[in-house]
A.B. asks: 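Please find one structure pasted underneath; my questions will follow.
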There are 2 protein chains.
Amino acid sequence: MSGRSQTIAETLTRAIIDHRLVPGCKLGERELAEIFDVSRIVVRQALIRLADDGLAQIERNRGAFVARPSMQEALEIYDALTLVEQGVAAQLSDRLGPAGWAELRHHVERQRQAVAAGNDALADVLGQEFHTVFVRLSRNKVMQEIHAQLVRRTTLLRSLITADFDYCNLLDDHSRVVDLLEKGRLKQAMDLIDTHHRTVVRGYIMDREVFPELTPAEALAPYLDGKAEGATTAVPLARPAKAPGDAATHLHIHLPKKDPAPASRASTKKTNRGLQS
Amino acid sequence: MSGRSQTIAETLTRAIIDHRLVPGCKLGERELAEIFDVSRIVVRQALIRLADDGLAQIERNRGAFVARPSMQEALEIYDALTLVEQGVAAQLSDRLGPAGWAELRHHVERQRQAVAAGNDALADVLGQEFHTVFVRLSRNKVMQEIHAQLVRRTTLLRSLITADFDYCNLLDDHSRVVDLLEKGRLKQAMDLIDTHHRTVVRGYIMDREVFPELTPAEALAPYLDGKAEGATTAVPLARPAKAPGDAATHLHIHLPKKDPAPASRASTKKTNRGLQS
DNA sequence: ACCACAAGATTGGATATCAATCAATAAGTT
DNA sequence: AACTTATTGATTGATATCCAATCTTGTGGT
C-alpha cells in the first residue's frame with residue numbers, strides 16, 4: 001500500500017481488536033519504534049492513523065494510548081451501529097437479490113455448524129463477520145468503511161466490561177434477522193437489530209480503573225514473524241487464534257488478571273462468543 | 001489540540017470545502033512546507049489525516065492530491081448520507097423535545113429570512129448548517145463526526161459537476177422535513193430526505209478531465225493572515241466569503257474556465273445555493 | 001506530611017541526508 | 001519523422017541526529 005506507517009497502523013489495529021493491547025495501554029513512540037524497527041516518525045504517523053480511527057488517543061506532550069471510551073461513548077457507538085445496520089437492512093429488503101440472501105443464509109449456516117461442532121473460536125469469528133457481510137451486501141464501500149470502523153471500536157469496549165450473564169439467546173438473532181428481512185417484515189427486523197445491540201450494551205458495566213496488561217513488546221510479538229513477509233499481507237492477515245494454545249491464553253488476558261481462578265477460561269469463552277455476535 | 005499537523009490539516013480541509021483547492025490538485029510536500037513554514041514531516045502528517053478523512057489520496061512515490069471521487073463513490077456518499085439522516089430522523093421523531101423542534105424551526109426561519117433578504121451567501125451557509133444542526137440534535141458525537149465527514153466529502157463533489165438546472169424547488173425541503181417529523185409522519189419525512197438527496201445527485205454529470213485551479217500558495221494565502229493567531233481558531237474559522245470581492249471571484253474558479261463569459265457569476269451563485277442546501 | 005525545586009524522560013518538531021521511484025527530457029534507432 | 005531507450009531531475013519515503021517544550025518523578029527542605 002502506501003508505506004510502513006500504514007502497515008504498522010494495521011498491525012496495531014489487529015493487536016487492539018485481538019485484545020492484546022487493552023484500553024489505556026501506553027503506546028510509546030520509542031518503544032514501538034524499536035519493536036517495529038523503524039524510526040519514531042513512522043510510528044507517529046501510524047499513531048495518527050489510529051487516533052483518526054478512534055482506536056487511540058493522543059495527548060499533547062504525553063503520548064498516545066489505546067483509547068478508553070467512556071460509557072457515554074460506548075452508548076453512542078452502539079447507537080450509531082444500530083442506525084447503520086437498520087439503514088442497511090432497509091436497503092437490503094428492497095434491493096437484495098437471491099444470491100445475496102443465499103450468502104447470508106450460508107453464513108448463518110456456517111456459524112450454526114461451528115456452534116454445533118463446539119468450535120467456539122470459529123463461531124466467534126463468524127459471528128463478528130456476519131455483520132460485515134451484511135453491510136458488504138449493500139455494495140456501498142463508503143458505508144462499509146464507516147461500519148467497519150464502528151465495529152473496530154466496539155471491540156475496544158469489550159475489554160472494558162465485566163460480562164457475566166448469558167448471551168446465548170442472542171445467537172439466533174442473525175438467523176431471525178435474515179428471515180424477517182426476506183419475508184419483507186422490515187419493521188420487525190429493525191426492531192430486532194435494535195434489541196440485539198441494546199441487550200449487548202445493557203450488559204456493559206464499565207469498571208475503568210484497573211487494567212493490567214501485556215507490554216506492547218509482548219503483545220505485538222506474534223505479528224512480527226518474518227520481516228521479509230511483513231511488508232506483504234501475511235502478518236496483518238495472520239490471526240493469532242490460528243496459533244494453537246499460545247494465542248488463546250493471551251487473548252483475554254484481562255480477565256485472568258481480574259479473576260485469578262484458572263478455571264475461568266471456559267466461561268470466558270462462552271461469554272465472549274455472545275458478545276461478539 | 002495535538003500539534004501543528006492538526007492545524008494544517010484543518011486549514012487544508014477548510015480550503016478544500018471552500019473550493020479553493022479542487023479535486024486533482026497536487027499537494028506537494030515541499031510546496032506546502034514552505035507555505036506553512038513547517039518541515040515536510042508535519043505536512044505529511046497533515047496529509048495522512050486528510051487521506052484518512054477521504055479528502056486526499058496519497059499515491060506511493062507520487063504524492064498527495066485532493067481526492068477525485070468517482071461517480072460511483074459520489075453515489076455511495078449520498079447513499080450513506082441519506083441513510084444517516086434518515087436514521088437520525090427516526091430517532092428525533094421519538095426523542096426530540098420541544099426545545100429541539102424550536103431550534104430546527106428557528107434555523108429554517110433564519111434561512112428563509114436570508115433568502116428573502118437576497119443574502120445568498122448566508123443562505124448557503126445556513127442551508128449547509130441545517131443538516132449539521134439536525135444531526136447534532138441526536139446528541140450522538142460519534143454520529144455527528146461520521147455525518148460531518150460525509151458532508152465534507154460531498155463538497156468535493158460539487159467541484160466535479162456542471163449543474164445547470166434549477167434547484168429552487170429544494171429550498172423548502174428542510175422546512176417540510178421538520179413539519180413532517182414533528183407531526184409524526186416519519187415515513188414521509190424519510191422519503192423526502194431520500195428524494196432531496198436523490199434530486200441533488202441526479203444532477204451530477206461528472207466531467208472529470210479538465211480542472212484548472214489556483215496554485216496551493218494562492219489558494220491558501222487567505223488562511224495565513226497572522227502567524228501568531230494561526231495556532232488559535234481565528235484562521236481556520238475565517239471564511240473567505242467574508243473577504244469582499246477577492247474570494248468571490250476565486251470561489252468557483254472552475255466554472256469561469258469552462259464558460260469564459262464573465263456574466264456567469266450570478267447564475268453560478270444561484271446554482272450552488274441549491275446544491276448546498 | 002506537604003510543598004518546592006531540580007533532574008530525567010518523552011514528546012513535538014527541525015534539519016540534513018540518503019535511497020527508491022516516477023516524470024520528463026534527450027539521445028539513438030528504425 | 002516516429003518510436004524506443006537511456007539519462008537526468010524532481011519528489012517521495014524514510015533515517016539519524018539534534019533541540020526545545022512539557023510532563024513526570026524524585027529528592028530535599030520545611
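Throughout, a chain's letter reflects where its sequence line sits, starting with A, and its residues are numbered from 1.
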A.B. asks: Can you measure A:D37 atom CG to D:dA14 atom C1' for me and round it to whole angstrom units?
C.D. replies: 12 Å
A.B. asks: Does a distance-only test, which skips hydrogens and angles, find a donor-acceptor pair under 3.5 Å between the side chain of B:R40 and the base of C:dG13?
C.D. replies: no
A.B. asks: Parallel, tilted or perpendicular: which fits the ring planes of B:H197 and B:H131, with parallel below 30° and perpendicular above 60°?
C.D. replies: tilted
A.B. asks: Over how many whole Å does the gap from A:Q45 atom CD to C:dG12 atom C1' extend?
C.D. replies: 13 Å
A.B. asks: C:dA9 P sits how many Å from A:R60 CZ, rounded?
C.D. replies: 22 Å
A.B. asks: Strictly below 4.0 Å: does B:R62 bring a side-chain N or O up to OP1 or OP2 of C:dA23?
C.D. replies: yes
A.B. asks: Nearest to the side chain of A:R4 - D:dT15, D:dT12, C:dG13?
C.D. replies: D:dT15
A.B. asks: Report the distance from atom CD1 of A:I8 to atom CZ of A:F36, rounding to the nearest 0.5 Å.
C.D. replies: 5.5 Å
A.B. asks: Is a side-chain N or O of B:Q45 found less than 3.5 angstrom from the main chain of B:S5, in a donor-acceptor match?
C.D. replies: no
A.B. asks: Does a nitrogen or oxygen in the side chain of B:R44 sit under 4.0 Å from OP1 or OP2 of D:dG13?
C.D. replies: yes
A.B. asks: Whole angstrom is fine here: how far is it from CD in A:E29 over to C1' in D:dC18?
C.D. replies: 15 Å
A.B. asks: For A:I58 and D:dC23, what is the distance between atoms CD1 and P respectively, to the nearest whole Å?
C.D. replies: 16 Å
A.B. asks: Test of understanding: with side chain to side chain donor-acceptor pair (under 3.5 Å), list the residues that count as partners of B:E73, not counting sequence neighbours.
C.D. replies: B:R153
